[in-house]
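To start, the structure under review is shown below, and the notes come after it.
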Amino acid sequence: MKNNLTRLTETVSAIKTTFLFRTQLLPTHVFILETKNGLVLFDTGSPGNGKMIVESLREAKFDPGSIRAICLSHWHRDHAGSLAEITELIEPASKVEIFIGQADLPLLTAQRPRILRFHPFLNLPVCHRPGRMPSSSNGLLIPLDNAGYAKLDRKYGIKAIPTPGHTPGHMAYLHRETGSLFSGCALSLLEPNLVGIVPIFHDRKEQIRSGKRLAEMDFRYLFPVHMFLKSDEIPLKKRRPCTGKKGMMTRLMGNHLFFRVS
């Protein structure tokens, strides 16, 4: 089996999963963070990726049974789609703690499709479905309320950051010790050195506000789920804000740009 795992830093690795039409045409990644209390996954990819993710971990000499937590950026099936598969396959010593934004939890548990919007000018409807719910014997769903924030920070040194807009309860996650920002869909590497957001949203204005807050944060590494991977540090001094008139391609695609990395 081809190993889809890439080591990015001393503590962070990425696994490339399938997405559109079960291909890797639109790069979509699951991230693995090594902490003193075990492995933490960030998102789980689309349905059908669970076995590949677990086997990729084993090939890279990780013990899948040491996964202690899964941090979901949001409820969409390309992020939560293999949640149930992974928790069924890894045989953890105890239930996996699954953290999710408080406003997104009922959207996941309802197991119903919802309509989002594509493109800020065209405003086209796009149907999204949730991933399959994990068994209560394998996973413990933890909403990110005050108690959830505190538990995630205390056990794993991870700060949960509300970033609504792509979905009502979208979350980004900052690992304090390494300065690693797992941004989900709140920030994307649209090009290897260009950071912005994609034009799929629940609330576009809120999505832009959330992305701007993240873009101005003092993080070291940026790990978005879709598009490009980057292992270089991106301190504030390396970020050049995107100002002035948008180019034709940016307007056609409907992307919003925040900064380029120098």
Side-chain angles (χ1 to χ4, degrees), residues 4 12-33 40-50 52-54 56 67 69-87 96-118 126-134 139 141-144 152 158 160-174 180-189 197-202 207 210-211 214 222-229:
N4 291 286
V12 177
S13 300
I15 296 175
K16 190 175 183 180
T17 66
T18 60
F19 178 29
L20 293 174
F21 312 111
R22 293 183 178 258
T23 71
Q24 294 183 339
L25 291 174
L26 176 63
T28 301
H29 302 94
V30 170
F31 293 98
I32 305 100
L33 172 68
V40 178
L41 297 192
F42 294 88
D43 287 336
T44 66
S46 297
N49 280 286
M52 181 275 291
I53 290 168
V54 170
S56 292
I67 295 173
I70 297 174
C71 294
L72 294 176
S73 61
H74 57 292
W75 64 270
H76 293 165
R77 67 184 294 148
D78 53 320
H79 295 256
S82 287
L83 178 62
E85 297 167 47
I86 291 171
T87 57
V96 177
E97 296 176 322
I98 302 163
F99 295 90
I100 184 170
Q102 198 170 6
D104 269 22
L105 179 56
L107 301 177
L108 176 66
T109 57
Q111 294 289 282
R112 295 199 308 269
R114 306 274 175 167
I115 298 297
L116 298 180
R117 294 290 163 178
F118 170 75
V126 177
C127 183
H128 256 286
R129 291 176 172 81
R132 181 164 61 91
M133 285 286 293
L141 285 164
I142 300 174
L144 284 162
L152 182 60
I158 295 170
I161 305 166
T163 47
H166 185 67
T167 65
H170 189 287
M171 303 296 297
Y173 299 92
L174 179 70
S180 300
L181 179 63
F182 302 90
S183 60
C185 286
L187 285 180
S188 295
L189 278 161
I197 50 175
V198 294
I200 298 179
F201 50 89
H202 163 75
Q207 184 187 32
S210 292
L214 288 186
L222 177 62
F223 300 123
V225 167
H226 296 301
M227 309 296 281
F228 294 91
L229 289 175

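These numbers come from a predicted model, not from an experiment. Sequential numbering from 1 along the given sequence is applied to the chain's residues.
With sequence neighbours left out, Glu97 forms a side chain to side chain donor-acceptor pair (under 3.5 Å) with Lys151, Lys155, Tyr156. Residues passing the side chain to side chain donor-acceptor pair (under 3.5 Å) test with Arg132 are Glu88, sequence neighbours excluded.
Residues Lys16 and Val30 fail the side-chain proximity criterion, which asks for heavy atoms closer than 4.5 Å. Between Val126 and Arg117, the closest side-chain pair of non-hydrogen atoms is not below 4.5 Å.
Put simply, the side chain of Thr163 never gets that close to the backbone of Ser210: no donor and acceptor are under 3.5 Å apart. Proximity of a side-chain donor or acceptor of Ser46 to a complementary backbone N or O of Gly81 within less than 3.5 Å is not detected. No donor-acceptor pair under 3.5 Å is formed between the side chain of Gln207 and the backbone N or O of Gly165. Remark: the backbone N or O of Thr28 is paired with a side-chain donor or acceptor of Thr17 at under 3.5 angstrom. The main-chain N or O of Leu72 is found under 3.5 Å from a side-chain atom of Tyr173 such that the two form a donor-acceptor pair.
Atom CZ of Arg129 has 12 or fewer neighbouring heavy atoms from other residues, nucleotides or ligands inside a 6.0 Å radius.
Classification of the His79-His74 ring pair by plane angle, with boundaries at 30° and 60°, yields tilted.
Here the two rings, on His202 and His170, have centers that are 6.0 Å apart or farther.
One side chain, Ser73 or Asp43, offers a donor N or O that lies under 3.5 Å from an acceptor on the other. With hydrogens and angles left out, the side-chain atoms of Thr167 and Asp104 include a donor and acceptor closer than 3.5 Å. Of the N and O atoms on the side chains of Asn49 and Thr18, at least one donor lies less than 3.5 Å from an acceptor on the other residue.
The two residues Leu152 and Cys71 have their closest heavy-atom pair at CD1-SG, 3.8 Å.
Test Phe42, Phe31, Phe228 against Phe223 for ring pair (Phe, Tyr, Trp, His ring centres under 6.0 Å) and you get one pass: Phe31.
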